[in-house]
Participant: 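Can you read through this structure? Questions will come right after.
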Amino acid sequence: MRARFARFMMRPLLFSAFLLLAASPLGASILEVKTVNRHAGTVSLHASGASMHAFLRTVELRTGRTIVADFVDFRFRADIEGGTIIETLEVLADALGLELIERGRTLVVRDAGDAGVRLDVVDASAKSIVESLARQCSIRNVMMDEEITVKGTFVFDDVPCSIAFRTVFGSLGLSGRLEPSSVLVVERAR
């Protein structure tokens, strides 16, 4: 597989356009994904100012695999020819400071420094669950109304922080927002 990549700069190669993203204020956004061999799952990729989340959605649609993007979106440029989809994602993840984790048919793409959460609780209070997640995700302070008395059962093994919080909040009917100075405010969802 031949690959050239950069987060913001790269000499572009021209391929047949498969998907053209709308122009951004920073200039034209181009994402071209050309399937070379559908049975072998090889791809050629040309991206110039393309959204990484849009690229992952395109791969998800083309492969039928679930891809969870757990990082702040950014634009990138890359030229990759003839690799498998997994090889292409591994090259991009490595070059862009991301981590690719395969869990069955699900692929998780997250910031390489994002530690996974481990949690195994049965009928635990929302307060203890959220405080455990906060500790593991380096959130220093949790503000939670004492009237929140819901309980939950969760088993997480190396789950990215944002996914763990979304799952807990959604399951327990809560919402949360991270304030400046690492303060997590948790309240009932409206």
Side-chain angles (χ1 to χ4, degrees), residues 7-8 19 21-26 29 31 47 49-76 89 92-190:
R7 193 168 197 148
F8 296 104
L19 175 65
L21 298 176
S24 72
L26 300 174
S29 283
L31 175 59
S51 158
M52 187 63 172
H53 284 193
F55 170 66
L56 293 175
R57 282 191 305 274
T58 301
V59 171
E60 187 174 47
L61 289 172
R62 298 297 296 259
T63 63
R65 293 184 77 169
T66 302
I67 299 178
V68 177
D70 186 33
F71 57 90
V72 176
D73 197 11
F74 56 84
R75 299 197 177 281
F76 73 103
L89 288 174
L92 283 172
D94 186 50
L96 301 172
L98 301 173
E99 179 180 30
L100 176 67
I101 301 167
E102 284 190 77
R103 292 196 176 114
R105 294 209 33 88
T106 301
L107 298 172
V108 177
V109 182
R110 68 181 186 194
D111 286 320
D114 190 5
V117 171
R118 295 185 189 285
L119 184 68
D120 188 350
V121 295
V122 176
D123 204 29
S125 71
K127 183 174 177 73
S128 66
I129 293 168
V130 170
E131 287 175 346
S132 176
L133 292 178
R135 267 192 312 280
Q136 293 181 64
C137 297
S138 302
I139 296 172
R140 292 186 292 222
N141 302 300
V142 175
M143 291 179 53
M144 179 181 261
D145 188 348
E146 293 295 327
E147 293 178 11
I148 297 175
T149 59
V150 293
K151 295 185 177 194
T153 300
F154 298 94
V155 177
F156 296 142
D157 184 22
D158 196 31
V159 174
C161 289
S162 62
I163 293 173
F165 276 112
R166 278 194 304 255
T167 302
V168 167
F169 289 162
S171 297
L172 300 180
L174 303 173
S175 67
R177 69 181 184 282
L178 194 57
E179 298 286 335
S181 301
S182 189
V183 175
L184 177 64
V185 178
V186 180
E187 49 198 22
R188 292 186 194 279
R190 297 172 192 201

Participant: What heavy-atom pair brings A164 and V159 nearest, and what distance separates the two atoms?
Facilitator: N-CG1, 3.8 Å

Participant: For the pair L96 and F71, evaluate side-chain contact (heavy atoms from CB on, under 4.5 Å) and give the outcome as yes or no after the intermediate values.
Facilitator: CA-CA 11 Å; L96 301 172; F71 57 90; over 6 Å; no

Participant: So which atom in T149 and which in R188 form the shortest heavy-atom distance, rounded to 0.1 Å?
Facilitator: N-NH2, 4.4 Å

Participant: Over all heavy atoms of both residues, which pair between K151 and S125 is shortest? Give the atoms and the distance, please.
Facilitator: CG-CA, 4.1 Å

Participant: Sequence neighbours excluded and cut-off under 3.5 Å, please list the side-chain donor-acceptor pairs for residues 170-178, or say none.
Facilitator:
| residue | atom | partner | partner atom | Å |
| --- | --- | --- | --- | --- |
| S171 | OG | T167 | O | 2.9 |
| R177 | NE | E179 | OE2 | 2.6 |
| R177 | NH1 | E187 | OE2 | 3.4 |

Participant: Would you indicate whether the side-chain heavy atoms of L89 and F55 approach each other to under 4.5 Å?
Facilitator: yes

Participant: Nearest 0.5 Å please: distance from the NZ atom of K127 over to the CD1 atom of I129.
Facilitator: 12.5 Å

Participant: Output the distance between atom OG (S132) and atom CZ (F154), rounded to the nearest 0.5 Å.
Facilitator: 11.5 Å

Participant: Working to the nearest 0.5 angstrom, can you tell me the gap between I67 CD1 and R57 CZ?
Facilitator: 11.0 Å

Participant: Could you check V168, V130, D145 and say which one makes a side-chain contact (heavy atoms from CB on, under 4.5 Å) with V186?
Facilitator: V130

Participant: Between R135 and E131, does at least one N-O distance fall below 4.0 Å, as a salt bridge requires?
Facilitator: no

Participant: Quick one: OG on S51 to CZ on F76, what's the gap to the nearest 0.5 Å?
Facilitator: 8.0 Å

Participant: So, taking the atom named CZ in R105 and the one named CZ in R65, what distance separates them when rounded to the nearest 0.5 Å?
Facilitator: 5.5 Å

Participant: Please test D158 against R103 for side-chain contact (heavy atoms from CB on, under 4.5 Å), starting from the C-alpha separation and ending with a verdict.
Facilitator: CA-CA 11 Å; D158 196 31; R103 292 196 176 114; 3.7 Å; yes

Participant: With rounding to the nearest 0.5 Å, note down the distance linking OG1 in T66 to CG in L56.
Facilitator: 12.5 Å

Participant: Is there a side-chain contact between L92 and M52, using heavy atoms and a 4.5 Å cut-off?
Facilitator: yes

Participant: Under a 4.5 Å cut-off applied to non-hydrogen side-chain atoms, are D111 and L98 in contact?
Facilitator: yes

Participant: So P160 and V108, do their side chains get closer than 4.5 Å, heavy atoms only?
Facilitator: yes

